[in-house]
Amino acid sequence: MISLYQSTNILFSFQSINVFLLFKYVVVFYDFKQIELKWQKFWSSNNIYKVENKSPKPKYYILDMFPYPSGAGLHVGHPLGYIASDIVARYKRHKGFNVLHPQGFDSFGLPAEQYAIQTGKHPQKTTEVNIKRYKEQLDKMGFSFDWSREIRTSKPEYYKWTQWIFISLFESYYDLKKDKAMPITELIEKFKSQGTKNLNAFTNSDVIHFSSEEWNSFKSSKKNKILLDYRLAYISDTEVNWCKDLGTVLANDEIINGVSERGGYKVEKKIMRQWSMRITAYSERLLDGLNDLNWPDSLKEMQRNWIGKSKGASIKFKIKNFNYEIEIFTTRPDTLYGVTFMNLAPEHELILKITDKNKIKNIKKYINLVSTKSERERLADNQIASGIFTGAYAIHPLTSEELPIWISDYVLAGYGTGAVMAVPSGDERDFSFAKKHKIPIKNIFKNIDVSKSAYTQKDGFTLINSGILNDLKFEDAYIKIINHIETLGCGKETVNYKIRDAIFSRQRYWGEPIPIYYVNGLPRPIEKKYLPIELPTVDQYLPTAEGHPPLGNADNWAWDERRKKIVSIKLINNEYIFPMELNTMPGWAGSSWYFYRYMDPNNNEMFVGEEAVNYWKDVDLYIGGSEHATGHLLYSRFWQKFLFDLNILPVSEYARKLINQGMILGSSAFIYRKRGSDKYYSKNKIKKNHVEPIRVDISFVDDSDQLDYVALINNDKNFSKSKFILENGKFIVTREVEKMSKSKFNIVNPDKICNEYGADTLRMYEMFLGPIEQSKPWNTSGITGVHSFIKKFWNLFFSNDVFDVNYNNPSKKSIKVLHQAIKKIDNDINSLSFNTCISAFMICVNKLTNLNCKERSILEPLTILISPFAPHIAEELWSLLGNNNSIVDEKYPVHDDSLLVETEKNYPVSFNGKVKFTLELSLELSNEEIKSIVMNDERTILQLKNRIPKKIIIVSGKIINIVN
RNA sequence: GCGGGUGUGGUGAAAUUGGUAGACACGCUAGACUUAGGAUCUAGUGCUUCACGGCUUGGGGGUUCGAGUCCCUUCACCCGCACCA
């Protein structure tokens with residue numbers, strides 16, 4: 001009758017008596033603590049989840065974003081994504097895939113170093129302690145990670161390869177013709193043979209032109225300087241985001257709203273000699289690649305915005321009385337005739353060269369004022385169009401009008417060329433600037449009033465006062481003007497990208513050392529065979545007295561080129577010893593390629609072996625937070641494409657599908673203190689105006705918001721002398737939903753839930769909370785529902801706490817219930833809709849309980865079905881059913897559609913004669929009558945309408961087609 | 001300002017993608033059993049009405065035999081970017 005378990009049924013039938021007798025008298029309660037511990041031990045001691053790189057099965061690689069092991073430990077928000085991925089991993093194993101589901105630690109980073117500065121404890125020590133705690137917590141939740149593949153970015157065996165990739169970047173340039181990265185040696189060959197003629201190498205510096213003869217006559221230092229303009233990892237004087245309080249530079253993505261992401265400190269602009277990654281060479285490919293990725297639209301859009309491609313023109317304006325030109329970028333070359341002045345960013349290099357001598361003092365003052373402003377202050381000033389006139393004039397390339405050159409901080413040095421042609425009639429900012437500084441506004445839009453505001457739309461106008469562009473609309477004017485300026489040679493069509501090269505140095509200790517040493521101030525890579533360059537020990541983690549990064553504190557930190565090793569810096573009296581790079585790499589370096597190391601974690605020859613990478617290829621499903629959209633997820637795509645160019649990796653995108661799990665928010669608790677006193681008031685006793693909110697640890701607060709103030713007084717010194725004003729004998733707090741964090745005292749530790757309800761309940765409950773992508777506040781009020789479901793499921797296998805499962809043929813109803821569940825859950829896991837899976841389980845178990853189903857042929861497949869969600873209880877029941885193997889090896893049950901004939905549904909149907917139905921009717925209709933409905937024979941339909949009382953019963957449960 | 005998203009009971013949420021809205025769970029109400037318990041079980045529970053019935057997916061409009069779902073419009077909230085020339 002049931003086909004899916006035929007083979008196992010036969011196997012059981014001859015040993016059934018033994019099994020039955022054995023279990024008949026064993027009394028078992030659902031003791032989740034003992035069960036979960038037992039199976040966690042079983043899994044790890046038998047290496048159940050160890051995965052091999054060779055298998056006849058198809059591969060499936062499911063990846064979580066690896067955590068940074070912070071001192072606070074895991075809270076209930078962290079596992080959300082891990083639970084989802086673990087369900088998929090276990091499900092795919094049941095489905096016959098060879099599943100790679102690894103985990104590791106992003107173990108370099110700021111917090112451990114800040115902690116080291118405060119306590120003197122080596123970051124490595126604290127990191128190790130934290131990792132140990134994380135692993136214990138993770139294992140408690142029953143994740144099926146293959147720990148034999150664990151990686152840590154701070155281990156030398158790992159960062160050896162981060163350094164290796166860095167050197168590869170240093171030794172490469174971007175060939176524009178081949179549209180890929182190539183060895184720098186090829187560029188050198190080109191320079192040798194043809195100089196910069198027909199140069200097709202990407203750079204964002206000004207190209208210095210030279211012939212082959214000139215190149216060959218250059219000193220090697222000059223050659224090296226020139227090459228730095230082309231290398232994909234390069235050092236240069238760059239304007240950086242300097243964060244004084246953290247003592248380091250920050251990348252653009254590490255700054256949120258003008259302050260540092262970590263700590264929220266002030267950030268200012270500063271010129272410093274820094275390493276950068278030439279990610280801009282990959283702008284177009286990074287943009288392009290997004291189209292084929294199955295990633296959330298919002299995330300792809302964020303990356304598109306970050307790359308910020310815009311089409312327009314670059315135009316050169318000559319400067320009166322000088323031999324300089326100002327190059328600008330504009331997306332509106334059609335408004336070229338409306339230019340009435342030019343505007344430069346305060347950091348623009350031409351300013352001091354063209355400024356009037358008598359104005360130079362004020363100009364310098366202005367520039368100084370702007371540069372000392374923090375990013376945030378500059379943003380705050382955005383309503384005020386501050387600026388100053390240089391005294392110089394640019395020449396309009398078409399009309400030869402003289403255009404005053406101004407400086408203003410609304411022009412950003414980092415975008416385009418750091419200079420704009422100002423068209424007050426067509427741009428809001430130019431308009432308000434012109435108004436404020438009384439610069440003329442020239443209207444170029446026919447019948448449009450620009451006296452009050454600029455007209456910024458790209459349609460709905462024709463041009464006037466625009467020379468050759470008169471009477472044209474946007475599209476035509478755009479094309480015509482570009483042709484015109486290209487013919488004149490004063491401009492060309494250009495594509496501009498907002499994205500900047502990524503600053504790669506950090507003035508920090510706890511990061512990967514950059515494998516570079518210096519000869520005459522120029523960087524040289526350490527040969528790859530001498531990697532890793534290990535992080536030296538230092539006695540303090542602060543910058544040196546001379547202001548060098550912390551690595552300057554190490555006394556064994558110089559490269560001996562002759563001995564090919566790092567030696568003590570005290571020995572510098574020997575010409576072969578060179579200073580090492582003192583900066584370290586940023587946090588994103590180690591995380592930009594880690595997913596490949598899992599494939600082959602112990603390879604000493606390469607960061608990933610060819611065989612391993614050809615087997616696993618890429619990540620099938622990547623789960624992690626959307627906060628990494630413009631950081632990790634962009635940088636890692638960049639490195640991926642680079643390593644793909646080197647033919648090391650087989651694909652140019654590493655994760656075809658990605659989902660963002662939502663955040664689980666905490667519910668902070670506040671109590672109110674009377675100002676200047678030590679009295680606290682319960683929620684409804686608060687007297688207005690005189691209280692201030694104070695956070696209290698939510699472990700002292702229960703679900704009904706009642707504060708255990710006695711425990712608080714006894715456990716927290718800060719409250720030992722406080723007085724609490726109660727209401728009805730209780731003290732009530734107020735709640736607020738915020739991000740879970742240690743500093744907000746609102747962390748819920750998953751260990752607590754595991755102890756109270758068990759890991760299986762925690763896993764299912766987190767999935768039951770709602771769709772995986774959604775953020776939601778943590779709330780335990782519903783957890784009993786899930787817990788009692790698990791107990792109900794357990795009780796299906798028992799009668800009066802005695803294991804009781806039989807071999808009888810199940811009822812038709814039970815079979816149907818099972819098959820409905822299989823179909824629904826299979827479907828929902830594939831669409832990652834885990835919350836509806838849980839509902840389906842609940843319905844299924846409730847129905848089977850009501851049917852008093854004890855038949856093995858139903859319960860056994862149900863156990864497999866549930867095992868991805870609640871693996872411990874599944875294993876336990878699986879073994880109680882008499883199996884010796886782990887349930888992970890079991891095949892997933894398959895549903896039979898023929899058993900799922902739908903129940904009859906009644907739909908009220910009304911006719912108005914215009915509708916054509918294709919129906920199967922259970923009414924006694926002749927073929928002719930059905931045909932006439934299909935043929936839209938109005939008369940027959942009307943007759944039918946009279947014959948049918950009120951309803952048509954549709955047997956198939958669905959109207960197949962409606963044609964209007 | 002630009003981009004992305006979300007609005008469904010007291011609460012978290014479902015809805016086979018246009019086919020009986022509110023599945024499942026929490027909470028609540030009543031009852032049962034008890035060496036009172038925050039245990040278990042049974043029944044009820046969108047709103048409204050004594051009832052028959054009527055109303056209901058942020059608001060308004062439209063397409064359709066039929067709309068939570070599609071289109072237009074409007075409001076509210078969340079997230080990301082933001083002086084981007």
Side-chain angles (χ1 to χ4, degrees), chain A residues 252 256-258 296-306 308-310 312-313 328-333 335 343 345 378-386 408-412 414-423 426-430 432-433 456 496-499 626-627 629-630 660 662-663 702-704 764-765 768-771 773-777 779-789 791-792 795 823-824 827-828 831 833 835-846 902 905-917 951-952 954 957-959 962 964:
Chain A
N252 288 345
I256 310 289
N257 291 330
D297 285 337
S298 61
L299 197 144
K300 291 206 270 187
E301 210 49 43
M302 274 191 233
Q303 293 208 347
R304 287 195 189 103
N305 269 329
W306 191 262
K309 181 180 183 176
S310 47
I328 60 96
F329 172 76
T330 177
T331 53
R332 296 294 304 276
T335 62
N343 222 334
R378 233 168 125 162
L379 283 169
D381 292 350
N382 66 8
Q383 302 303 335
I384 309 150
S386 87
S408 172
D409 67 351
Y410 84 75
V411 183
L412 302 175
Y415 184 76
T417 59
V420 298
M421 63 175 213
V423 185
D427 183 283
E428 276 317 328
R429 291 151 304 163
D430 296 344
S432 50
F433 193 87
T456 55
N496 189 58
Y497 298 92
K498 201 161 79 184
I499 190 171
S626 60
E627 68 271 21
T630 52
N660 292 130
M663 219 187 321
D702 70 8
D703 287 343
S704 60
M764 290 199 113
Y765 183 60
F768 187 62
L769 275 173
E773 312 90 340
Q774 215 166 85
S775 287
K776 51 235 154 187
N779 172 1
T780 48
S781 65
I783 202 164
T784 51
V786 175
H787 191 61
S788 65
F789 153 74
K791 280 194 272 186
K792 255 189 208 168
N795 284 331
K823 185 178 183 181
K824 172 89 176 132
N827 229 321
D828 286 353
S831 55
S833 172
N835 53 333
T836 55
C837 282
I838 316 268
S839 298
F841 278 128
M842 288 176 173
I843 294 168
C844 174
V845 167
N846 281 342
E902 289 196 23
K905 284 184 178 176
N906 301 339
Y907 292 107
V909 176
S910 64
F911 292 100
N912 69 356
K914 282 182 185 169
V915 192
K916 224 190 234 179
F917 285 95
K951 291 175 178 176
I952 292 180
I954 297 160
K958 204 164 191 176
I959 293 171
I962 299 168
N964 294 337

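In what follows, chains carry the letters A, B, and so on, assigned in the order in which the sequence lines appear, proteins first and then strands, with residues in each chain numbered from 1.
Contacts of A:Asn846 with the nucleic acid, taken as non-hydrogen atoms under 4.0 Å apart, involve only primed sugar atoms and P, OP1 or OP2. Looking at heavy-atom distances under 4.0 Å, A:Phe768 makes contact with a base. A:Ser839 comes within 4.0 angstrom of a nucleotide base, judged by non-hydrogen atoms across all strands. Among the atoms of the strands shown, only primed sugar atoms or phosphate atoms (P, OP1, OP2) are found under 4.0 Å from some heavy atom of A:Pro771. Within the nucleic acid shown, A:Asn779 has no heavy atom closer than 4.0 Å to any nucleic acid atom.
Spacing of C1' atoms, B:G68 relative to B:G7, comes out at 11 Å, to the nearest Å. Only the P atoms considered, B:G58 is 6 Å distant from B:U8, to the nearest whole Å. Between B:C41 and B:C47, the two C1' atoms lie 30 Å apart (nearest whole Å). Comparing the C1' positions of B:G22 and B:A14 gives an interatomic distance of 8 Å, to the nearest angstrom. Nucleotides B:G46 and B:U11 place their P atoms 14 Å apart, quoted to the nearest Å. The gap from the P atom of B:G27 to that of B:A39 amounts to 9 Å, rounded to the nearest Å.
By the salt bridge (charged side-chain N to carboxylate O under 4.0 Å, His left out) test, A:Lys791 is found to be paired with no residue, residues two or more places apart in sequence or in another chain being considered. Every residue two or more places apart in sequence or in another chain that forms a side-chain contact (heavy atoms from CB on, under 4.5 Å) with A:Arg332 is listed here: A:Thr330, A:Asp334, A:Thr335, A:Phe445, A:Lys458, A:Phe461, A:Phe474.
Rounded to an integer number of Å, the gap from A:Asn660 CG to B:C78 P is 20 Å. Per the geometry, CE belonging to A:Met302 stands 10 Å off C1' belonging to B:G5, to the nearest Å. Between the CE atom of A:Met764 and the P atom of B:C24 there is a distance of 16 Å, rounded to whole Å. Atom P of nucleotide B:C83 and atom CG of A:Asp427 are separated by 13 Å, given to the nearest angstrom. At whole-Å resolution of the value, CZ in A:Phe789 and P in B:C41 are 14 Å apart.
The nucleotide B:G18 finds no pairing partner, because no Watson-Crick or G-U wobble arrangement with both distances shorter than 3.5 Å includes it. A 3.5 Å limit on both hydrogen-bonding distances identifies no Watson-Crick or G-U partner for B:G9. Base pairing of B:U40 is made with B:A32, judged by Watson-Crick or G-U wobble geometry with both donor-acceptor distances under 3.5 Å. The nucleotide B:C2 finds its pairing partner in B:G80, both defining distances of the Watson-Crick or G-U wobble pair being shorter than 3.5 Å. B:A85: no Watson-Crick or G-U partner with both key distances under 3.5 Å is found in any strand. The nucleotide B:U63 finds no pairing partner, because no Watson-Crick or G-U wobble arrangement with both distances shorter than 3.5 Å includes it. With a cut-off of 3.5 Å on both Watson-Crick or G-U wobble distances, the partner of B:G27 is given as B:U45.
The side chain of A:Tyr415 approaches B:C84 more closely than any other nucleotide in the set B:A14, B:C84, B:G3. Side-chain atoms of A:Gln774 lie closest to B:A13 of the nucleotides B:C24, B:G80, B:A13. Between B:C83, B:A25, B:G3, one nucleotide has an atom nearer to the side chain of A:Tyr410 than all others, and that is B:C83. Relative to the side chain of A:Ile843, the nucleotides B:A13, B:A85, B:A23 differ in distance, and B:A23 lies closest.
Contact between the side-chain N/O atoms of A:Asn835 and the OP1/OP2 oxygens of B:A14 is found at a separation under 4.0 Å.
A:Lys498 is not listed as a side-chain neighbour of A:Trp306, based on a closest heavy-atom distance of 4.5 Å or more. Between A:Phe768 and A:Ile783 there is no side-chain heavy-atom pair separated by less than 4.5 Å. Residues A:Asp430 and A:Tyr410 are in side-chain contact: their nearest non-hydrogen atoms beyond the backbone lie under 4.5 Å apart.
Across all their heavy atoms, A:Phe789 and A:Val845 have their closest contact at CE1-CG2, 3.5 Å.
Under the 90° criterion around 0 for the glycosidic angle, B:G44 counts as anti. Taking 90° from 0 as the syn/anti boundary, the base of B:U16 is oriented anti.
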